[in-house]
Every structure is written in C-alpha cells, then in structure tokens.
Amino acid sequence: GINGRQVELIAEDGRCNGADAASAAQKLISINKVVAIHGGECSGETMAIAPIAEEARIVIISPASSHPDITNIGDFIFRDYPSDAIKTRAMANYFAEKDFDQISIITENADFTVGFRDALKKDVGEDSIVFDELVEPGTKDFRTLLARLKNIEFDVIVLNVNSPANIATLLKQAREQGLEQLAISHDLGDSIEIPKLIGEQAEGMQVINVPTLDKDSAFGQKFIANYGQPQANLAWAGYGNDVMGILINAITAAGTDGSAIRDYLYAMKPYEDGAIAKTHFDENGDVIGINYVLREIQNGEFVTVSEIDVE
C-alpha cells in the first residue's frame with residue numbers, strides 16, 4: 001500500500017476505440033473516484049479520454065499510445081512510450097541509409113496507423129512515396145491493392161495495419177503475389193504471432209521498435225514465472241509495469257490531488273526502478289530516455305539487428 005492505505009486497481013476495457021474508452025474513463029472518474037488512470041493503451045483510447053481527464057484534473061499515463069498529436073493534447077496527459085514522430089524519424093533514417101527512395105505504404109484507417117503514415121510521409125518526403133493506400137479497419141483481402149502495386153517500382157513496403165494478424169495477412173498475400181521487396185512494420189509487427197501464422201513467408205520481415213526486454217532479465221524471469229512465454233515484445237509488459245511504479249511513487253510523494261501528481265511527474269528525476277529504462281518526462285508529458293532498434297524475423301524468431309539513429 002501507500003502510507004498505510006491499500007492500492008486498488010480497477011480495470012475497464014477501452015477496446016482500442018475512442019467511444020468505449022471514453023465511457024470507461026467517465027465511469028472510473030465519476031463513479032469509482034480514481035486518483036489516476038493507467039492508460040489508454042491504443043492511441044485512439046488516449047485521445048478520447050484526454051479531454052475527460054483534463055476537465056477532471058486527473059493524470060493519465062499511457063504505456064502504449066504513440067500518436068504524435070498526444071504530445072500537445074493536455075497538461076494532465078503523460079506517456080512512457082515514445083511518439084511516432086520519433087519512430088518514423090528512425091524509419092526514415094534507416095531508409096536513407098539503405099538508399100530507399102521509392103516507398104510503398106498500405107495503411108489501415110485507425111488513429112495509430114494514420115498518425116504513423118502522416119508522420120512517415122513528412123519525414124521521408126512526399127516525393128519518396130510511390131504507393132499510398134488506405135484500407136478500412138479489419139480489411140482481410142489486400143489482393144487488389146497488391147496487384148496494382150506489382151506494376152510499380154518500389155524498394156520497400158511498409159505494412160501499416162493495426163494488428164499482428166492483419167500484418168501477417170498482408171505480408172502473406174504480398175508474397176503470394178510475387179512481391180519480394182523488403183517488408184517492414186512498426187511495434188505492432190513485433191509479434192511472434194506473425195511467423196506462427198504464415199511461417200516462412202514471414203522470413204526477413206523487419207520492424208523498427210523500442211528495444212525488447214531480455215527474457216533472462218530480472219523482469220523477464222518474473223514475467224515468465226507468472227504468465228508464461230511472452231507472445232509479443234516483452235517490452236509491452238515492461239511499459240505497463242513502469243507506469244504503475246511511476247504512479248505509485250507520485251502518489252507516495254504528492255498525495256492524491258491530481259494537480260500535485262501532475263507537478264510531481266513534470267519535475268521527477270529519471271525512474272530508477274524501470275524495467276525499460278530510466279525514463280522521465282519532458283514539458284509535454286512525453287517520455288525521455290527511449291531509443292529504437294531494427295529487428296528482423298530470422299528462422300521464425302525476432303532478433304535485434306542494430307540500433308537506429310533518431311537524430
């Protein structure tokens with residue numbers, strides 16, 4: 001507990017969409033009287049609950065939301081996961097290093113993926129985008145789009161859809177169409193589910209993501225002992241763990257007043273007990289202290305290839 005009082009964690013499901021997340025936040029704040037919110041997860045959740053939290057002066061810390069617009073969304077809104085504005089800069093730097101100047105991208109129409117596309121186009125330059133298509137959420141058949149792509153010269157295809165299963169489907173259909181160019185994705189593609197779903201067709205796919213947590217680390221061993229082998233990048237669990245630790249420290253030091261918790265977070269020193277890194281926050285509530293790596297599927301598993309410059 002904190003200062004002799006028990007900490008109660010009340011769970012609500014935002015379902016990765018704004019409407020459900022907003023309803024959940026209203027309940028947590030108005031009925032449950034929470035003093036802070038761990039979330040949202042998806043960017044659309046965080047963007048929907050931000051005005052509710054701002055009005056109530058309740059701090060939220062997201063462990064996963066990366067849409068660039070979250071940077072300026074409110075004074076009580078924090079995240080310990082980096083903005084796509086940095087992630088796409090890392091991807092653009094990688095493309096420049098490889099002399100990729102003909103880029104194709106297929107995007108699912110969701111807050112996270114659209115924000116990622118817009119930031120990437122800005123970073124690589126509009127002239128470098130030779131194929132840019134938006135599909136409706138949950139699309140399963142990409143064959144018509146891929147048939148058109150076959151008639152275009154390109155260096156790399158960005159698999160910018162909103163779940164590992166959809167990324168696997170898109171990649172499988174691309175390979176079936178004979179498209180052998182490099183396929184690359186982002187954090188949602190960093191999932192062992194993809195090679196499990198499509199086998200050898202996943203070989204060589206790359207992602208640019210935050211570093212994973214080593215399964216042999218203290219956090220990794222504790223996670224596996226309690227929950228079994230991770231099915232995605234273990235870092236996802238690490239970010240959630242760190243948000244909770246940061247909130248506990250903030251409430252211990254500042255009490256339960258929302259403004260006091262907010263002020264503590266802006267002024268806090270790097271979090272020494274983080275599973276991910278010694279993170280802290282900038283003047284916009286964005287995380288400081290996270291870098292990016294290039295990871296690739298090799299022999300059915302993700303391996304880290306190199307660090308990626310974001311400057």
Side-chain angles (χ1 to χ4, degrees), residues 9-88 105-122 133-140 159-167 170 185-191 210 232 236 239-240 243-244 247 258 261-262 265 281 284-287:
L9 180 64
I10 302 170
E12 294 289 337
D13 189 357
R15 298 178 183 271
C16 202
N17 73 70
D20 285 324
S23 296
Q26 291 282 15
K27 175 183 177 295
L28 289 170
I29 292 171
S30 300
I31 298 175
N32 300 116
K33 306 297 183 182
V34 299
V35 299
I37 294 177
H38 181 302
E41 297 292 326
C42 298
S43 291
E45 293 179 350
T46 298
M47 294 168 77
I49 69 178
I52 300 168
E54 284 289 305
E55 183 177 0
R57 303 181 73 81
I58 294 291
V59 161
I60 69 174
I61 309 181
S62 171
S65 298
S66 57
H67 195 294
D69 288 353
I70 293 171
T71 294
N72 297 309
I73 208 167
D75 199 32
F76 287 78
I77 315 305
F78 296 79
R79 53 180 165 183
D80 78 337
Y81 191 84
S83 168
D84 284 336
I86 303 172
K87 187 187 310 172
T88 57
I105 182 167
I106 295 177
T107 299
E108 188 170 344
N109 191 7
D111 288 318
F112 160 66
T113 43
V114 170
F116 183 89
R117 179 196 65 173
D118 293 345
L120 181 62
K121 288 168 68 175
K122 179 180 178 182
E133 292 293 336
L134 190 69
V135 300
E136 288 307 304
T139 295
K140 303 298 183 187
L159 310 175
N160 186 33
V161 289
N162 208 31
S163 71
N166 281 2
I167 291 170
L170 174 53
S185 192
H186 35 56
D187 34 8
L188 292 181
D190 196 349
S191 171
V210 294
W236 288 118
Y239 282 103
V243 166
M244 186 58 68
L247 283 173
I261 295 172
R262 174 202 61 189
L265 294 175
F281 302 105
N284 296 309
D286 278 344
V287 69

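- The closest donor-acceptor contact from the side chain of D13 to the backbone of R15 lies under 3.5 Å.
- Note: D111 CG to N162 CG = 9.0 Å, rounded to the nearest 0.5 Å.
- Side chain of S43 to backbone of H67: a donor-acceptor contact under 3.5 angstrom is found.
- The list of disulfide (SG to SG under 2.5 Å) pairs with a residue in residues 52-82, not counting sequence neighbours, is empty.
- For F78, the ring pair (Phe, Tyr, Trp, His ring centres under 6.0 Å) partners at least two apart in sequence or on another chain are Y266, F281.
- I73 pairs by the side chain to side chain contact (heavy atoms under 4.5 Å, CB included) definition with M47, A50, I70, I77, not counting sequence neighbours.
- In this structure, the side chain to side chain contact (heavy atoms under 4.5 Å, CB included) partners of T139, at least two apart in sequence or on a different chain, are V135, E136, F142.
- The backbone N or O of G240 sits less than 3.5 Å from a side-chain atom of H38, completing a donor-acceptor pair.
- With sequence neighbours excluded, the residues forming a side chain to side chain contact (heavy atoms under 4.5 Å, CB included) with A165 are S163, E193, L197, listed by chain and number.
- Under the rule for a side-chain hydrogen bond (donor to acceptor under 3.5 Å, both in side chains), the partners of N160 that lie at least two apart in sequence or sit in another chain are T107, H186.
- Applying the salt bridge (Lys or Arg N to Asp or Glu O under 4.0 Å) definition to pairs two or more places apart or across chains, those involving residues 70-81 are D75-R262, R79-D286.
- For residues 22-51, the salt bridge (Lys or Arg N to Asp or Glu O under 4.0 Å) pairs, not counting sequence neighbours, are E12-K27.
- Residues passing the side chain to side chain contact (heavy atoms under 4.5 Å, CB included) test with P68, sequence neighbours excluded: S83, D84, A85, A119.
- By the side-chain hydrogen bond (donor to acceptor under 3.5 Å, both in side chains) test, N109 pairs with no residue at all, sequence neighbours left out.
- Identified under the disulfide (SG to SG under 2.5 Å) test for residues 14-51, with sequence neighbours left out: C16-C42.
- For residues 50-60, the side chain to side chain donor-acceptor pair (under 3.5 Å) pairs, not counting sequence neighbours, are R57-S259.
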